[in-house]
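Please read the structure below before turning to the comments.
Here is the naming used below: chain letters follow the sequence lines, and residue numbers restart at 1 for every chain.
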There are 2 protein chains.
Amino acid sequence: MNVRLKDIARQAGVSEATVSRALSPSRSSMVRAETLARIRRIADALGYHHNPHAQALAIGRSAVVSLVVAYTEDYMMNVKALRLHSALLDAGLQAQIIPAQSLQDLGSAEKIAASLLLSAPMAVAIRSLATNWHLELLEDLCGILWDRGVYTLIADHHQLPSDAVPADAISTDRVRAAEAAVSHLLKLGHRCIGLLASADQTFGRIVGYRRALDEHGISERYEQPIDQYVEYAPERPYLSQAVQAGYLAAQDLLRRCPEVTALFCGSDLVAIGAMRGLANVGLSVPADVAIVGFNDEPWCSHLPVPLTTIGQPVEQLSARAAEMLRARLAGDDSPWRRELVPMPLIVRESCGQGLVGPRRWPVQEAVESS
Amino acid sequence: MNVRLKDIARQAGVSEATVSRALSPSRSSMVRAETLARIRRIADALGYHHNPHAQALAIGRSAVVSLVVAYTEDYMMNVKALRLHSALLDAGLQAQIIPAQSLQDLGSAEKIAASLLLSAPMAVAIRSLATNWHLELLEDLCGILWDRGVYTLIADHHQLPSDAVPADAISTDRVRAAEAAVSHLLKLGHRCIGLLASADQTFGRIVGYRRALDEHGISERYEQPIDQYVEYAPERPYLSQAVQAGYLAAQDLLRRCPEVTALFCGSDLVAIGAMRGLANVGLSVPADVAIVGFNDEPWCSHLPVPLTTIGQPVEQLSARAAEMLRARLAGDDSPWRRELVPMPLIVRESCGQGLVGPRRWPVQEAVESS
DNA sequence: CTGAAAGCGCTTACAG
DNA sequence: CTGAAAGCGCTTACAG
């Protein structure tokens with residue numbers, strides 16, 4: 001059997017209560033220095049470990065933060081989840097990961113909460129759930145958890161929850177980022193700017209895109225939803241789907257609207273697909289068409305034409321999220337926070353030096369290819 | 001406060017013990033049907049949930065399986081981890097993920113065990129830890145956990161533990177796979193076969209490579225360790241590193257040994273890098289050089305020259321691992337298992353129809369490029 | 001600064 | 001089939 005407080009108490013000739021105090025970081029100051037040292041020495045010698053269940057039962061909560069993450073096979077999603085986990089560790093919190101997938105099928109917020117509470121977390125951090133987790137479900141979940149005494153943080157969801165929801169929330173500023181991307185193209189002289197975005201990117205990409213056009217007094221829009229080209233079947237990786245979607249969507253759009261001279265793509269994968277698609281109809285980047293991506297995946301700067309894109313401030317978001325969590329657990333009871341982290345526009349070469357005139361080459365017939 | 005057994009007992013007019021039995025899947029048969037129904041109805045009405053800490057304290061262990069996974073940003077690693085998690089759920093087990101990274105820094109097996117036991121898992125499944133977790137560390141860990149009453153399963157580690165280690169283990173048969181890949185090339189007539197592998201792939205790739213050559217009575221070897229080109233700095237993704245490594249290694253090897261007509265690559269990423277590298281010195285695939293990859297990543301079949309490679313039997317391995325775990329928890333006390341899952345050779349076009357003669361083109365000077 | 005005692009919510013022989 | 005009671009290992013007012 002494992003060593004218990006009682007065993008240490010007996011050897012040290014003190015009560016269990018004293019040992020409990022001595023071995024608790026926050027209450028060890030109540031114990032006389034000499035006694036403290038003796039107890040610690042004996043605990044070490046015996047190889048003592050707290051029994052987390054007994055501790056949690058007595059205190060009323062466990063010491064662990066559950067990190068609910070949407071683990072798709074998508075590169076960016078994975079990186080973000082890993083970074084947030086690291087940040088929690090850095091903040092001195094013990095964290096375990098619950099893949100959202102395992103909760104998704106449960107359906108109701110009530111059932112999801114029940115499942116989460118099975119591991120009796122001290123707090124729950126939710127990292128950008130799959131897009132089919134609607135905001136209302138998430139909001140309900142926060143309410144239920146809060147009622148059961150568990151604090152929730154929503155990190156990097158595509159929408160911030162309403163102010164009334166009892167949870168902190170932090171996300172990247174997708175709208176501003178999209179606005180900056182399109183503004184960048186407008187400043188380079190482009191007037192007919194295509195948008196290749198999927199439905200789950202609606203909130204950020206499309207709103208920002210429209211906002212930038214509105215600001216510049218441009219009304220015509222060239223939006224190409226790529227959903228029709230994408231199947232998010234779980235056994236197929238997001239990667240190849242997105243590339244293929246961009247490949248087809250870019251060609252469709254340029255064929256339909258040959259006046260388009262620039263593309264803002266919902267992701268870098270879509271962007272490289274679009275580049276291939278453009279090449280397939282005889283258009284080159286950036287001479288004929290300028291391209292902006294989204295995410296700044298690591299290979300973006302290594303492309304034949306390095307990609308101008310929007311960066312993901314993963315470190316900042318993770319660090320801030322962890323700090324909010326830590327503060328709440330330490331007793332911070334200020335009003336619920338709603339924070340947005342700016343996303344940088346990273347200018348490389350895929351937008352060239354600016355639009356210098358009408359496109360030199362007409363859109364060719366697509367070559368047979370995949 | 002939450003609903004407790006006591007609350008239900010009072011409303012139902014029975015003792016806590018009866019409620020406890022009624023609400024336990026395995027002991028509910030001890031309760032009279034009528035009483036059972038009444039208790040269940042009341043529990044539902046009150047929204048009762050077991051307190052996992054109290055339960056775990058009373059029973060002596062919790063109901064959750066900790067899944068320790070090496071979460072690198074590598075695609076294959078991520079996929080494998082996700083699949084194993086799903087398989088555990090499918091086997092009716094509640095599983096939480098502990099990123100190995102959070103344990104890695106602890107150093108000693110004793111400390112890692114202590115940290116793992118903090119969440120007092122019912123069992124621990126370890127999925128191919130990072131390569132710097134030496135087998136001995138892993139073996140020690142299993143021993144400590146076992147002594148503390150926790151069963152361990154080692155899934156997909158590159159080496160199986162020794163028979164004495166108190167744990168089950170299942171891995172893919174990397175050695176056989178490498179042997180099959182090289183045999184395939186030998187059968188196609190190749191005699192000078194290069195190997196591009198990194199140190200952490202040593203166990204499988206190199207052993208299998210040598211074994212195939214030995215079987216065919218060929219002694220000369222062309223091994224190119226790619227480690228020198230790869231830096232596994234945690235903030236850089238494995239992806240771009242591996243491609244670049246293959247790019248450089250292939251050129252180096254062909255320059256040094258121009259008689260080489262085939263390459264067996266440690267991963268598909270290395271393989272596509274190698275393809276680019278070969279193109280850079282004027283060699284084409286498969287006409288001049290045949291290539292075999294490893295992993296069968298989803299884009300392999302979409303390359304200009306679809307890649308012949310080794311497939312990862314992720315589903316089989318995950319399902320079998322989950323089944324072993326489930327059986328052990330159900331009381332299976334047969335001898336510790338050591339299982340290997342075969343990996344399929346997937347023949348596409350990167351090895352052509354066979355070697356038809358000496359290479360048509362000499363190796364050119366490398367073009368300036370990256 | 002320390003101890004005796006009650007309590008956290010559940011399970012499980014034991015006795016009926 | 002059911003209940004009274006002890007116990008899992010820890011914490012925390014309360015009293016000294």
For [X] and [Y], indicate whether the former's side chain and the latter's backbone hold a donor-acceptor pair under 3.5 Å.
X         : Y         : result
Arg338(B) : Leu160(B) : no
Ser318(B) : Val314(B) : yes
Glu139(A) : Ser162(A) : yes
Arg320(A) : Ile170(A) : no
Ser86(A)  : Leu82(A)  : yes
Ser171(B) : His157(B) : yes
Arg337(B) : Ala167(B) : no

Starting at [atom1] of [X] and ending at [atom2] of [N], how long is that distance when rounded to a whole Å?
X        : N      : atom1 : atom2 : value
His49(B) : dC8(C) : NE2   : C1'   : 19 Å
Arg10(A) : dG3(C) : CZ    : P     : 15 Å
His53(A) : dG9(D) : NE2   : C1'   : 11 Å
Lys6(B)  : dA4(D) : NZ    : P     : 13 Å
His50(A) : dG9(D) : NE2   : C1'   : 10 Å
Arg4(B)  : dG7(C) : CZ    : P     : 12 Å
Glu34(A) : dC1(C) : CD    : P     : 12 Å
Leu57(A) : dG7(D) : CG    : P     : 17 Å

Stem ranges for DNA chain C, with three or more consecutive Watson-Crick or G-U pairs under 3.5 Å?
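Detected stem regions: C:1-3 with D:14-16, C:5-12 with D:5-12, C:14-16 with D:1-3.
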Report each atom pair, protein N/O against N/O of nucleotides 12-16 of chain C, whose distance is under 3.5 angstrom.
| from | atom 1 | to | atom 2 | distance (Å) |
| --- | --- | --- | --- | --- |
| dA13(C) | N6 | Arg21(B) | NH2 | 3.0 |

Where the side chain of [X] is concerned, which of [options] is the nearest nucleotide?
X        : options                  : value
Arg32(A) : dC10(C), dC10(D), dT2(C) : dT2(C)
Leu5(B)  : dG3(D), dG9(D), dC10(C)  : dC10(C)
Thr18(B) : dT2(C), dG3(D), dG9(C)   : dG3(D)

Below 4.0 Å: OP1/OP2 of [N] and any side-chain N or O of [X]:
X        : N      : answer
Ser15(B) : dA4(D) : no
Thr35(B) : dT2(D) : yes
Gln55(A) : dG9(D) : no

Euclidean distance for C1', dT12(C) against dG16(C) (whole angstrom):
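Taking atom C1' in both dT12(C) and dG16(C), they lie 16 Å apart.
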Once you apply a heavy-atom cut-off of 4.0 Å, does Ser24(A) come out as touching a base, just sugar-phosphate, or nothing?
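The answer is nothing, as Ser24(A) stays clear of every strand by at least 4.0 Å.
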Over all strands shown, is Ser29(A) touching base, sugar-phosphate only, or nothing at heavy-atom distances under 4.0 angstrom?
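It contacts sugar-phosphate atoms only.
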Take the angle between the ring planes of Tyr151(A) and Trp336(A) and call it parallel below 30°, perpendicular above 60°, tilted in between.
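Plane angle under 30°, so parallel.
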By nearest nucleotide on DNA chain D, pick out whichever of Tyr48(A) and Leu36(B) is the more 5' one.
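Its nearest nucleotide lies further toward 5', so the answer is Leu36(B).
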Taking atom CG of Leu135(B) and atom CG of Leu141(B), what is their separation to the nearest 0.5 Å?
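Here the rounded value is 11.5 Å.
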Residue pair Asp7(B) / Tyr48(B), side-chain donor-acceptor N/O under 3.5 Å
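Short answer, no.
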